[in-house]
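Down below is the structure, laid out as structure tokens.
Side-chain atoms are counted along with the backbone in the values below, which use heavy atoms only and exclude waters and symmetry mates. The structure presented is a predicted model; accordingly, all values stated were derived computationally and were not measured.
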There are 2 protein chains.
Amino acid sequence: MKSSANPKQPDISVAECGYSRVLEIISNKWTALVIYAMENGSIRYGEMNRIIVGISKKMLTQTVRKLERDGVVQRHITPTVPPAVEYSLTPLGETLLQPMSELRQWGRIHFSHVETARENYDKTNKKDAQSKERS
Amino acid sequence: MKSSANPKQPDISVAECGYSRVLEIISNKWTALVIYAMENGSIRYGEMNRIIVGISKKMLTQTVRKLERDGVVQRHITPTVPPAVEYSLTPLGETLLQPMSELRQWGRIHFSHVETARENYDKTNKKDAQSKERS
DNA sequence: CAGGATCCTTCGGGATACTG
DNA sequence: CAGTATCCCGAAGGATCCTG
């Protein structure tokens with residue numbers, strides 16, 4: 001509600017930043033993995049559940065539903081006796097692969113640097129009360 | 001612990017995906033905004049607190065500390081009478097600007113599409129119990 | 001097979017008050 | 001000015017059981 005009283009820089013708001021909107025879509029724990037599971041085409045529910053290490057059926061369903069609602073994923077139901085459900089990226093979903101793969105690249109290239117920085121930081125600031133590291 | 005029993009596709013794990021590592025860094029609510037606040041150079045604590053709409057001092061400090069620990073941000077303290085603290089991106093931090101701006105671009109370009117998809121989804125699946133939308 | 005429903009724990013993060 | 005310290009709540013997410 002408060003307009004910028006400081007002309008030096010524009011206000012940065014969550015609402016106006018396109019970035020926040022993307023994070024709203026892909027920032028949770030499993031979404032990215034689910035999208036990657038579909039980057040080679042259709043994949044079945046159970047297959048994803050096996051391939052994505054550590055995900056529960058609840059979280060898989062929840063994640064995939066949210067992505068479907070956002071229009072980045074589609075469901076194809078084959079009404080066989082045990083129902084077979086296939087998931088795949090929509091054209092909109094495919095447009096996400098590029099920017100996401102850049103982030104993944106960044107992680108591969110720079111993450112060791114980040115880990116080193118963390119060790120140095122923790123070494124310098126000897127505070128056991130923090131214990132923010134996850135060996 | 002369980003190795004891939006399915007040779008058709010490699011396992012996708014949180015631990016092995018570079019993407020998850022990046023999200024670990026930038027996926028929380030404020031990090032991206034804080035980084036954007038620094039993309040034009042050094043900026044003071046209070047200035048960020050004013051520019052980033054809605055952030056609390058607690059969250060600003062917490063976010064900036066985490067980024068410092070990860071090596072993407074540096075602190076410069078000028079020990080004047082009221083201390084002046086400047087924050088800026090490290091070289092490592094600057095490498096994040098590019099992939100992040102692509103995500104931001106995606107949001108600007110495609111988010112209206114997502115909103116439309118949501119409306120259609122909610123219209124089709126008339127379930128008030130869901131109420132996942134945030135007008 | 002592909003979920004839905006429930007319960008329960010953890011944690012992000014907001015509000016407020018205090019400090020060097 | 002630039003934080004730190006507490007309290008507290010709602011949402012994220014895991015575990016378990018049930019179903020068409």
Side-chain angles (χ1 to χ4, degrees), chain A residues 6 13-14 20 23-34 37-38 42-69 73-88 125 127 129-134, chain B residues 6 13-14 20 23-34 37-38 42-69 73-88 125 127 129-134:
Chain A
N6 197 332
S13 80
V14 180
S20 297
L23 285 187
E24 184 185 323
I25 300 175
I26 59 168
S27 74
N28 66 71
K29 186 172 181 179
W30 300 108
T31 306
L33 289 312
V34 169
M38 293 182 292
S42 285
I43 183 172
R44 296 188 56 176
Y45 181 89
E47 180 77 355
M48 297 183 85
N49 197 26
R50 258 172 273 115
I51 282 178
I52 304 175
V53 177
I55 199 170
S56 65
K57 292 203 283 188
K58 174 192 167 184
M59 291 317 295
L60 177 54
T61 300
Q62 184 175 307
T63 303
V64 108
R65 283 283 175 287
K66 183 167 180 267
L67 288 174
E68 189 190 1
R69 186 173 108 99
V73 156
Q74 359 179 220
R75 251 169 44 127
H76 307 276
I77 310 171
T78 310
T80 51
V81 188
V85 182
E86 299 258 343
Y87 289 92
S88 60
N125 310 45
K127 299 202 174 186
Q130 303 289 56
S131 73
K132 287 178 182 175
E133 69 276 13
R134 304 263 174 190
Chain B
N6 196 333
S13 79
V14 180
S20 296
L23 286 186
E24 186 184 321
I25 300 175
I26 58 168
S27 74
N28 68 72
K29 185 172 181 180
W30 299 110
T31 306
L33 289 312
V34 168
M38 292 182 292
S42 284
I43 183 171
R44 295 188 56 174
Y45 180 89
E47 181 76 355
M48 296 183 86
N49 197 26
R50 256 172 274 116
I51 282 179
I52 303 175
V53 177
I55 200 170
S56 65
K57 291 201 282 187
K58 173 192 168 184
M59 291 317 297
L60 177 54
T61 300
Q62 184 175 308
T63 302
V64 109
R65 283 283 176 286
K66 184 168 180 264
L67 288 174
E68 189 189 1
R69 185 174 108 100
V73 156
Q74 2 178 221
R75 254 173 37 131
H76 308 273
I77 310 170
T78 310
T80 49
V81 188
V85 181
E86 298 259 343
Y87 289 92
S88 61
N125 310 46
K127 299 202 174 186
Q130 304 289 57
S131 73
K132 288 178 182 175
E133 68 277 14
R134 305 263 175 192

Starting at atom [atom1] of [X], determine the distance to atom [atom2] of [N], rounded to an integer number of angstrom.
X: A:H76; N: C:dG3; atom1: NE2; atom2: P; answer: 13 Å
X: A:E47; N: C:dG3; atom1: CD; atom2: P; answer: 14 Å
X: A:R65; N: D:dG13; atom1: CZ; atom2: C1'; answer: 17 Å
X: B:E24; N: C:dC11; atom1: CD; atom2: P; answer: 14 Å
X: B:Q62; N: C:dA15; atom1: CD; atom2: P; answer: 14 Å
X: A:R50; N: C:dG3; atom1: CZ; atom2: C1'; answer: 15 Å
X: A:M48; N: C:dA2; atom1: CE; atom2: P; answer: 11 Å
X: A:L23; N: C:dG12; atom1: CG; atom2: P; answer: 16 Å

Legend entry - B:P82 backbone acceptor or donor facing B:T80 side chain under 3.5 Å: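 Side chain of B:T80 to backbone of B:P82: a pair is present.
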Inset, instruction - Report yes or no: does A:Y45 contribute a side-chain atom to a donor-acceptor pair with the main-chain N or O of A:K57 at less than 3.5 Å? - result: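 Checking the backbone N and O of A:K57 against the side chain of A:Y45, a donor-acceptor pair under 3.5 Å is found.
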Inset, instruction - Would you classify B:N49 as touching base, sugar-phosphate or nothing, given that sugar-phosphate means primed atoms plus P, OP1 and OP2, and contacts are heavy atoms under 4.0 Å? - result: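 Nothing, no nucleic acid heavy atom in range.
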Legend entry - Base D:dG3 paired with B:K57 side chain (donor-acceptor, <3.5 Å):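 Checked by distance alone, the answer is yes.
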Inset, instruction - Report yes if a donor N or O on one partner sits less than 3.5 Å from an acceptor N or O on the other, where the partners are the side chain of B:K58 and the base of C:dG13; otherwise report no. - result: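 A donor-acceptor contact between them is present.
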Answer yes or no: does a side-chain N or O of [X] lie under 4.0 Å from OP1 or OP2 of [N]?
X: B:R44; N: D:dG3; answer: no
X: B:R75; N: D:dG3; answer: yes
X: B:Y87; N: D:dC1; answer: no

Inset, instruction - Check whether any side-chain heavy atom of A:V85 sits under 4.5 Å from a side-chain heavy atom of A:H76, and report yes or no. - result: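 Answer no - side chains too far apart.
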Legend entry - Side chains of B:I43 and B:I51 in contact at under 4.5 Å (non-hydrogen atoms):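 Heavy-atom side-chain distance check passes, below 4.5 Å.
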Inset, instruction - Tell me which of A:N28 and A:P83 sits closer to the 5' end of DNA chain D, going by the nucleotide each one is nearest to. - result: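 Counting from the 5' end, the first nearest nucleotide belongs to A:N28.
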Legend entry - A:M38 CE to A:Q74 CD distance, which is reported to the nearest 0.5 Å: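 Here the rounded value is 9.5 Å.
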Measure from the side-chain heavy atoms of [X] and tell me the nearest of [options].
X: B:Y45; options: C:dG14, C:dG4, D:dG3; value: D:dG3
X: A:M59; options: C:dC1, D:dT4, D:dG13; value: D:dG13
X: B:T61; options: D:dC1, D:dG13, D:dG3; value: D:dG3

